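The structure appears right after this line, and notes come after that.
Just so it is clear, the model here is predicted, and its values are computed rather than measured.
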Amino acid sequence: MISSPEAAKFVLVTRAHLFKPTFPASKERMLGKQAIFFHQGDYHAKLRKLVLRAFMPDAIRSFVPDIDSIARDILRSWEDRYINTFQEMKTFQYTINEDLLSIFGKEEVKFREDLKRCCFELEKGYNSMPINLPGTLFNNSMKARRELAQILSKIISTRKQSKHEHSDLLASFTEDKEGLTDEKIADNVIGVIFAALDTTASVLTWIL
C-alpha cells in the first residue's frame, strides 16, 4: 500500500512497466475478460481512445438539455415520499448512460429495461463470494451476465447491419477499422455501464 504522491508516481509513471494491476478471476468472469480494466499496453490504449472519443465534450454537449430534463423529472418524483438517495442516483446515472445515447442509440431503447435489470442483478453479486451454486448471489449474477451477453449480441448484430450514422460508444467500438470482435465489444460495453453505476452515483449522493 502506498500513500505519498512520490510513491504513486513511481508505481504509475516512472516504473509503471514493473507493476501489473490484477483483479480476482471472479471479477473478470463477471465483467468479461476482454474489458479495458483487465489489460495494459496497446490493447488498453486503443480501448481508452475509443471510449474517450464517445465521451468528449463535443460529443455530449447536445445531451445537456436532456440531462437537465431527466434530473428535473427525478426531483419531482421524490415529492412526498422517502427515498434511498444512493439508489436513486444509480438509476439516474444509468438513465443518463443509456437513454441519452452516450452508449447506445435510439434503436436500442427497446432493450433498456432488460439491460437495466441485468446490470443491477450483476452488481448485487459483484463483491459476493464466488460460489457458483444455484440461489447464491454469484450464481444469479453470472446468469445476468450471460443474459447481458445475449442482449448485446443482438444489439451489435443489428447495429452492424444499420446504414444510419451514429456517434455513440457502440459506434466507436463497432467501426470495422478497429477490428474488435463482438465479444470484445460486449465485454467493454458492460464494463463501461458497470463502472459508472457506483462511482458516479456515490459522488452525486455526497453532493446532495
Is any NZ, NE, NH1 or NH2 atom of the basic residue among [X] and [Y] found under 4.0 Å from an Asp or Glu carboxylate oxygen of the other?
X	Y	answer
Asp73	Arg76	yes
Glu88	Arg81	yes
Glu183	Lys33	no
Lys90	Glu123	yes
Asp42	Lys46	no
Asp182	Arg159	no

Any heavy-atom pair between the side chains of [Y] and [X] that's under 4.5 Å?
X	Y	value
Leu170	Ile155	yes
Arg117	Asp114	yes
Lys116	Thr91	yes

Would you kindly confirm whether [X] and [Y] end up in one hydrophobic cluster when ILVMFWY residues are joined by side chain heavy atoms under 4.5 Å apart?
X	Y	value
Leu208	Leu204	yes
Ile151	Phe120	yes
Ile193	Leu52	no

Donor-acceptor pair, side chain of [X] and main chain of [Y], under 3.5 angstrom:
X	Y	value
Ser141	Glu121	yes
Asn188	Ile36	yes
Thr136	Ile131	yes
Ser128	Lys124	no

Once you round to the nearest 0.5 Å, how far does [atom1] of [X] lie from [atom2] of [Y]?
X	Y	atom1	atom2	answer
Lys184	Leu47	NZ	CG	8.0 Å
Ile83	Trp78	CD1	CH2	4.0 Å
Met142	Leu122	CE	CG	8.5 Å
Met129	Ser26	CE	OG	9.5 Å
Ser153	Leu148	OG	CG	12.0 Å
His39	Gln34	NE2	CD	4.5 Å

Specify the closest pair of heavy atoms between [X] and [Y], including all atoms of both residues, with the distance to one decimal.
X	Y	result
Asn139	Pro134	OD1-CA, 3.7 Å
Val51	Phe173	CG2-CZ, 3.8 Å
Gly135	Asn140	O-ND2, 4.0 Å
Gly125	Met30	O-CE, 3.0 Å
Leu50	Leu169	O-CD1, 4.1 Å

Original post:
With under 30° as parallel and over 60° as perpendicular, where do the rings of Tyr126 and Phe194 fit, or are they tilted in between?
Top reply: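 Tilted: the ring planes of Tyr126 and Phe194 meet at 30° to 60°.
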**OP:** Go through the steps to decide whether Val203 and Ile207 satisfy the test side-chain contact (heavy atoms from CB on, under 4.5 Å), and finish with yes or no.
**Re:** CA-CA 6 Å; Val203 172; Ile207 290 175; 3.9 Å; yes
**OP:** Please test Leu152 against Ile190 for side-chain contact (heavy atoms from CB on, under 4.5 Å), starting from the C-alpha separation and ending with a verdict.
**Re:** CA-CA 9 Å; Leu152 286 170; Ile190 291 172; 3.4 Å; yes
**OP:** Please list, chain by chain and in numerical order, all residues satisfying side chain to side chain contact (heavy atoms under 4.5 Å, CB included) with Arg61, sequence neighbours excluded.
**Re:**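 By the side chain to side chain contact (heavy atoms under 4.5 Å, CB included) rule, Arg61 matches Pro57, Asp58.
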Original post:
Can you tell me if Asn127 and Lys27 form a side-chain donor-acceptor pair at under 3.5 Å?
Top reply: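 Result is yes, a qualifying pair exists.
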**OP:** For side-chain contact (heavy atoms from CB on, under 4.5 Å), just list the numbers for Asn132 and Arg29, CA-CA rounded to whole Å, side-chain angles, deciding distance to a tenth of an Å, and then say yes or no.
**Re:** CA-CA 12 Å; Asn132 200 14; Arg29 289 175 62 189; 3.8 Å; yes
**OP:** Could you check His44 against Phe37 for side-chain contact (heavy atoms from CB on, under 4.5 Å), going step by step and ending with a plain yes or no?
**Re:** CA-CA 8 Å; His44 180 278; Phe37 316 112; over 6 Å; no
Original post:
Less than 6.0 Å separating the ring centroids of Phe23 and Phe38?
Top reply: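 Phe23 vs Phe38: aromatic centres under 6.0 Å.
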